[in-house]
Amino acid sequence: MTLRRWRLQTRLIVLAGLVLLLVGAGIGTASWLSVRGSLMSDLDAQLTSMTSHARSGDGPGAGPGATGNPGTSDGGDESSAAVDSALRYLFQPGVGDGALVVVDSGDGGEGLIAEAGLSRPRALSAAAIDALLDVETGGGVSDGSASGSSASDGGASGDSDHGGSASAHESVRVPGFGSYRVVAFDDGGTTTVYGVPQGNVDGALERTAWTTAFVVLIGVLATAALMAVIIHRQLRDLREVARTAREVTDLELSAGEPELALRVPSELAVPGTEVGDVGASVNRMLDHVGSALEERYRGTEQMRRFVADASHELRTPIATIRGWADLTRPYRNDLPAEVATSLGKIDSGAMRMSSLVDDLLLLARLEAGRQPTSEDTVDVSSLLIELVEDAHVVNPDHSISLDVPPEALEVRGEVGQVRRVVSIVLTNACVHTPPGTRVHIEAQATHKPVSGQLPSDVVAIRISDDGPGIPPDIRDRVFDRFVRGDPSRARQDGAKGGSSGLGLAIAAGLVDLMHGSIAMSSTDSGTTFELRLPVA
């Protein structure tokens, strides 16, 4: 899941936590580097003081009674004196624990280390000596100033009698003794390395690192928790805007008079802030949508009233035309053939127009909710038997079968309405399919699952055929008005005239009036209509 798919509150908290973590890591790193610089500076000052004392002949216990060492010479050159002074330094009392000196005159290195509790320093191992002699000496750096700092305990920063080139202070891992801070001197071919233990500094730095990391982590978590609370409170207004939008999406706006009174609270729709801009935009959008819905409703109502009024007004002239046409029936045999044929066409056209007007008027009343209904009990089993018998007579070229249970199936409604709904669907299955098509009607009691309620008992009536199926382009709107199929499902009997496209719309309206449902599924190998009507 990408960060963009997360909730805004989660994204803000995560991003704030990352920023805090980076800032804390930066502060912790800077603190650790500052502490390390301070500790290493003190250690370098200690090393500088040690080298100054050792090379100058001074020391914590230097004096006439100082103990010599085997390498001391009574009179030699300055280089030999410096070497002897370096080794002699470790034999003096007060030398720091762990201080070491390694001297290499070209014929093999010699190294000593002072340890607490021992009266004399002990020799270093060959591996330790080799590791220390790997330190390269520098050039041109005067004795006692290798680290760029002077001794702070009274030692001289340099001695003109003991010159030589020295390396910069560096850290070395000495086998068997741990980490050391060392400096190397080159005294005319003799290399001398001085070192002080760095273990205490490393331990302090490690403790500082863990402490800093712990403090930074606790600080980040505590700050992130506090920011989560603050962000949650600051997004409360935005959640209120979202709640209003969700409530609007739950409204039923597809039919009936629109009721779009929901708006974002005025205090959250003041432009100038992000939430205010969104709230004001949502309210303007809802105003436009509400106006459009009201305009659509007014237009639909006007069209419905026009259709109802026009259908009502057309019934009288159509009835007059049919009446005058019926008066000519006894005399048609005495009239010329053309006149008799014209009167027959007028009669059939008036009958078809009368049926169409009645359908339009019924649809207008259904959509306006003015069509009355009743709560009578209708015997669906007997009704289906009757309709199937009629269908056998009207459609002898179709194979029509019926399957109903032995017990009576009764639904709530008006018998004429139930009859018309079933008749419309059954007639469509017969007249819109080619001869030889098998049509099967099945009825049974079942349960209708209702969201949030217990299932209610219904009678399911399925009417299926194995014809060519309804064209895919009209399957989604088959219950709309004036929807007609392609020629593959056209009426086979030209005398009956073309389909008006109102039958299934009327069936859907009547089923809805009886608090039932109608559904259709169609493929290239057949079509099934399912009616669900509430049980009496």
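Keep in mind that this is a model prediction, so the values were computed, not measured.
Annotation: the span from Arg438 atom CZ to Thr433 atom OG1 amounts to 11.5 Å, rounded to 0.5 Å. Here the CG atom belonging to Leu409 is positioned 6.0 Å from the CD atom belonging to Glu407, to the nearest 0.5 angstrom. Residue Arg36 holds its CZ atom at 8.5 Å from CG of Asp202, rounded to the nearest 0.5 Å. Annotation: the span from Leu335 atom CG to Arg332 atom CZ amounts to 9.0 Å, rounded to 0.5 Å. With rounding to the nearest 0.5 Å, the separation of CG in Leu387 from CD1 in Ile463 is 8.5 Å. Here the OG1-CD1 distance, from Thr223 to Ile230, works out to 9.5 Å after rounding to the nearest 0.5 Å.
In Asp326, the CG atom is crowded: over 12 heavy atoms of neighbouring residues, nucleotides or ligands sit closer than 6.0 Å. Dense packing is recorded around CZ of Arg462, with more than 12 heavy atoms of other residues, nucleotides or ligands lying under 6.0 Å away. By the neighbour-count criterion of 12 heavy atoms within 6.0 Å, atom CD of Gln444 is densely surrounded, having more than that number from other residues, nucleotides or ligands. No more than 12 heavy atoms of other residues, nucleotides or ligands shown are found within 6.0 angstrom of CG on Asp476.
Taking both residues in full, the closest heavy atoms of Thr212 and Gly28 are given as CG2-CA, 3.2 Å, listed atom of the first, atom of the second, then distance. Of all heavy-atom pairs spanning Ala350 and Ile318, the tightest one is O-CG2, 3.5 Å. For the residue pair Pro330 and Leu327, the shortest heavy atom distance occurs at CD-O, 3.4 Å. In terms of heavy-atom proximity, Ala408 sits nearest to Asp379 at CB-OD1, 4.4 Å. Residues Ala443 and Leu384 come closest through the heavy atom pair CB-CD1, 3.7 Å. Here the closest non-hydrogen pair linking Thr437 and Gly467 is CG2-N, 3.8 Å.
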field: Derivation of the side chain to side chain contact (heavy atoms under 4.5 Å, CB included) call for Leu426 and Val439
entry: CA-CA 8 Å; Leu426 180 57; Val439 180; 4.0 Å; yes
task: May I have the step-by-step check of side chain to side chain contact (heavy atoms under 4.5 Å, CB included) for Leu343 and Val339, ending in yes or no?
output: CA-CA 6 Å; Leu343 290 173; Val339 177; 4.2 Å; yes
CA sep, side-chain torsions, deciding dist, call: Leu20, Met227, side chain to side chain contact (heavy atoms under 4.5 Å, CB included): CA-CA 11 Å; Leu20 290 172; Met227 292 193 66; 3.9 Å; yes
Intermediate values then yes/no, side chain to side chain contact (heavy atoms under 4.5 Å, CB included), Glu414 and Met514: CA-CA 8 Å; Glu414 199 270 324; Met514 292 184 285; 5.9 Å; no
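A donor-acceptor contact shorter than 3.5 Å links the side chain of His392 to the backbone of Ile400. Not one N or O on the side chain of Thr446 forms a donor-acceptor pair closer than 3.5 Å with the backbone of Ala460. Proximity of a side-chain donor or acceptor of Thr427 to a complementary backbone N or O of Ile424 within less than 3.5 Å is not detected. For the pair Asn283 (side chain) and Arg263 (backbone), a donor-acceptor distance under 3.5 Å is absent. Between the side chain of Ser31 and the backbone N or O of Ile27, at least one donor-acceptor pair lies under 3.5 Å. The closest donor-acceptor contact from the side chain of Thr208 to the backbone of Ala204 lies under 3.5 Å.
Between Asp524 and Arg475 a salt bridge is recorded (basic side-chain N to carboxylate O distance below 4.0 Å). Taking the charged nitrogens against the carboxylate oxygens, Glu247 and Arg243 do have a contact shorter than 4.0 Å, which makes a salt bridge.
In this structure, the side chains of Thr244 and Pro265 come closer than 4.5 Å at one or more pairs of heavy atoms. Looking at Ile321 and Met353, their side chains never come closer than 4.5 Å, going by heavy atoms from C-beta outward. Here the side chains of Leu238 and Leu8 are in contact, with some heavy-atom distance below 4.5 Å. For the pair Phe529/Asn428, no side-chain contact is recorded, criterion being any heavy-atom separation below 4.5 Å from C-beta on. Within the 4.5 Å cutoff, the side chain of Leu12 has no heavy atoms near those of the Gln234 side chain. A 4.5 Å side-chain heavy-atom check between Val241 and Val275 finds at least one atom pair inside the cut-off. Counting only heavy atoms from C-beta outward, the side chains of Leu217 and Phe214 never approach each other to under 4.5 Å. In this structure the side chain of Met40 reaches within 4.5 angstrom of the side chain of Val201, judged on heavy atoms.
Residue Glu410 forms a side-chain contact (heavy atoms from CB on, under 4.5 Å) with just one option from Thr377, Val380, Leu533, and that option is Thr377.
Residues Arg181 and Ser171 bring a donor and an acceptor atom of their side chains to less than 3.5 Å of each other. No side-chain donor-acceptor contact under 3.5 Å links Arg419 and Ser423.
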